[in-house]
Structures are given as C-alpha cells and as structure tokens.
Protein chains: 2
Amino acid sequence: MNFNRFDSAGFVINWCARVFERRMAEALRPLGLAPAYLPPLLTLAATGGATQGELAKAVAIQQPTMALTLRRMERDGLVMRVPDKADQRRAIVRLTPKAEELVPRVEGLARSINEAAFEGLPDDAPAQLIDLLHRAAHNLERPEKG
Amino acid sequence: MNFNRFDSAGFVINWCARVFERRMAEALRPLGLAPAYLPPLLTLAATGGATQGELAKAVAIQQPTMALTLRRMERDGLVMRVPDKADQRRAIVRLTPKAEELVPRVEGLARSINEAAFEGLPDDAPAQLIDLLHRAAHNLERPEKG
DNA sequence: CGGAACTATATAGCATGCTATATATGCTGC
DNA sequence: GCAGCATATATAGCATGCTATATAGTTCCG
C-alpha cells in the first residue's frame, strides 16, 4: 500500500477542495450555515439582491444546483424571494435580517480559514495559488464558446 | 452583478475541482467510468488488490464513501471482492479483466487532461500547484493527531 | 471459555453537484 | 392576437461526499 496518487494535480485539487469544505462546514455549523451557502450569501450581501440565475452565474454553479441551495437557505430562514411584478418568471432573492447579521462573522470565519491554509507559506502563496488555479480552470472550461 | 468571489482561495479551489471533475466525467463516460472510480481503479492497478479500508486510506476518502463507490464499480463490472478466509470481515478487492484492459486508456486520459490544464503555463506550474495545495491541505487537516 | 474491546464493512440520512427535462411566463413576427 | 421561440425557474434522477451508527467478525484478558 505504498502507492499513492498525491502527485496528480487533479487528485490533489479534489482532495484539497474536500479538506477545505469540511473545515468550512465545521466552522459554519455553529452558525446554522452550510458551506454551499457561502457564495450566494456573500454575493447577496454585496449586491443587496439578485435573481437565481444571476446568482448561479456569479458563483459558477448550475442553475438547478442554485435552486436547491436557495431552497435550503430559505428553509433555514436566510433568504426570501421577492416576486418581480414586471416579470412573473423572476424573483429577487434577498437576505433576511437574520442572515445579514451573520455576514460579518461569516466573513471573519472565511478569512481565518483561508489564513490557516497558508500558514507558514510565503506571502505570495495565496495569489500564486489562485492564479494557477484560475488558469487551469480556464484551460479546462468547455472549449466551445471559447 | 460585478461582484465576484474568484479571488478567494477556498472558492477558487472548489471551482477548479468541479471543472476538473466535470471534464474527467466527460472523458470517462464513453468508457463507462465515473470520475470517482479513478483513484481506486489506479490504486488497484498498481497494487493488484486491497481491502476497502486500505483503499479508503490510500485515496483519502472516508470508508462509507469508498463502500458506495466500490458497490457502483462492482455493479459496473469493474471490481470483484474476494473474501478473506482468514478474516471473514475482510475481502480483497480486485480489478476484473475488463477493468484491467481499461487501465492504460484511463491513464492516458488522465494524463491528457492534466496536461490540458497546464497548457501555456510554465513547466514547473504543475509541481508548484501540487506543492501549494499539499501544504494548504495539510494545514487544514484536523489539528488533533496532527 | 466468555464477554469486552477492537476492527471491517454496511446502512441511514443528508448536502452538494451535475445533466436532462418540464413548466410557466415573456417576447416577436406574421 | 397568436404561434413559436426565448428565458426563468422547478423537478427528476443520479453520483459523490460527509457524519453517525449498526452489524458482524476477531482478539484479548480474566
């Protein structure tokens, strides 16, 4: 059992993503939040409101996935949907006051986990990592529509 | 909707992992394989056989997750379980001939996707990325028993 | 030997993500 | 104005991952 796959980029990225998410889940649990809530939560905090489709695009998630995440967030009292009278297909998603109160603590948690990840690494490690991942992801995005 | 989260390490890692996995799923589909099969498949190809627990440890996945993945792989005719007579709790998981035939093609696919990810990047980008992710993941692994 | 502690695997229940497809509403050109 | 296309959201069905817990077999100790 000496064999291991920890020298393959694809594998290590997946592994690291899972470690990150687990850590985040753990930190967010006491606040009643799940890690998948974070991107829409922070996006809504910054924009004040957005449709489901806009949110999905902003955080690079498919629309059906965002639909489910928002449903859970609604169930947990974090967002509400304000129907758009001008276009009855749409609804503007907004944070509840409860969610808005949580935002600063959530941002603090996210920051501290990011910092913990880079502890003992050079100052430019975060920027470097993010840059490399960005380029790799762009390289792998579906080729059609360049 | 100018706001975006693509400058947070946690977010970008998650995003990149999903892009990677989607691409892998797409490439493996014609072979009748799923991306989660890859780590156990290649581990078994290298070792000749392992128990479920050994596999889970080797690829950094929880045991219940590995149990389900192996069940799907068995369903798809890729692995078989050879009961261990000396210890009836255990079974040695082995690749079927069908799976063994696929291994070279799978390795080729995995390699070419990894290469595509780093296209246009400096030669040391893969090593650098893997190193950074390794350190980050280790930093975030549960502290107890660290 | 027999029960307690340990180990290997299985199951339950849930979250998160995907693709494919349905539904409901809006828009456009005849 | 309405048929047909476009857009927004919802649903179905599945894979992958996690935690918590159950079950079954092994080991160890008195």
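Quick note: numbers below take in every heavy atom, side chains included, and nothing from hydrogens, waters or symmetry partners. Letters go in sequence order (proteins before strands), and every chain restarts at 1.
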Notebook entry, point to check: With a 4.0 Å cut-off on heavy atoms, is B:Ala25 in touch with a base, just the backbone sugar-phosphate, or nothing at all?
Noted result: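 Answer is nothing: B:Ala25 stays at 4.0 Å or more from every strand.
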Margin query: Under 4.0 Å, heavy atoms only, any strand: does B:Arg81 hit a base, just the sugar-phosphate, or nothing?
Written below: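 B:Arg81: backbone/sugar contact only, no base atoms under 4.0 Å.
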Taking only N and O in the side chain of [X], is any of them less than 4.0 Å away from OP1 or OP2 of [N]?
X: B:Arg75; N: D:dA15; value: yes
X: A:Thr65; N: C:dC18; value: yes
X: B:Arg89; N: C:dT7; value: no
X: B:Arg72; N: D:dG17; value: no

Next item on the list: Would you mind checking if A:Arg18 and A:Glu21 are paired as a salt bridge, meaning a charged N to carboxylate O distance below 4.0 Å?
Entry: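 Looking at A:Arg18 together with A:Glu21, the answer is no, because their closest N to O distance does not fall below 4.0 Å.
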Notebook entry, point to check: So, are A:Asp76 and A:Arg72 salt-bridged, with charged N and O less than 4.0 Å apart?
Noted result: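 Salt bridge between A:Asp76 and A:Arg72, a charged N being under 4.0 Å from a carboxylate O: no.
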Out of [options], which nucleotide sits closest to the side chain of [X]?
X: B:Gln62; options: D:dT9, D:dT19, C:dT25; result: D:dT19
X: B:Arg71; options: D:dA10, C:dT11, C:dT9; result: C:dT11
X: B:Arg18; options: D:dT11, D:dT16, C:dC18; result: C:dC18
X: A:Glu21; options: C:dA10, C:dT16, D:dA6; result: C:dT16
X: B:Gln88; options: C:dA8, D:dT26, C:dG26; result: D:dT26
X: B:Pro64; options: C:dA10, D:dA8, C:dG17; result: C:dA10

Checklist line | Given DNA chain C, 5'-ward residue of the pair B:Ala67 and A:Ala34, judged by closest heavy atom | finding: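 Nearer the 5' end of the strand: B:Ala67.
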Next item on the list: Start with the C-alpha distance between B:Arg71 and B:Glu74, add both sets of side-chain angles, then the distance that settles salt bridge (Lys or Arg N to Asp or Glu O under 4.0 Å), and finish with yes or no.
Entry: CA-CA 5 Å; B:Arg71 185 187 294 173; B:Glu74 201 170 17; over 6 Å; no
Notebook entry, point to check: Would B:Asn139 and A:Phe118 satisfy side chain to side chain contact (heavy atoms under 4.5 Å, CB included), going step by step from the backbone distance to the final call?
Noted result: CA-CA 7 Å; B:Asn139 274 344; A:Phe118 292 108; 5.7 Å; no
Checklist line | Whichever of A:Gln63 and B:Asp87 has its nearest DNA chain D nucleotide further upstream toward 5' | finding: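 On the 5' side of the pair lies A:Gln63.
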Next item on the list: Let me know the distance between CD1 of A:Ile61 and P of C:dG17, rounded to the nearest Å.
Entry: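 For the pair A:Ile61 CD1 and C:dG17 P, the rounded distance is 4 Å.
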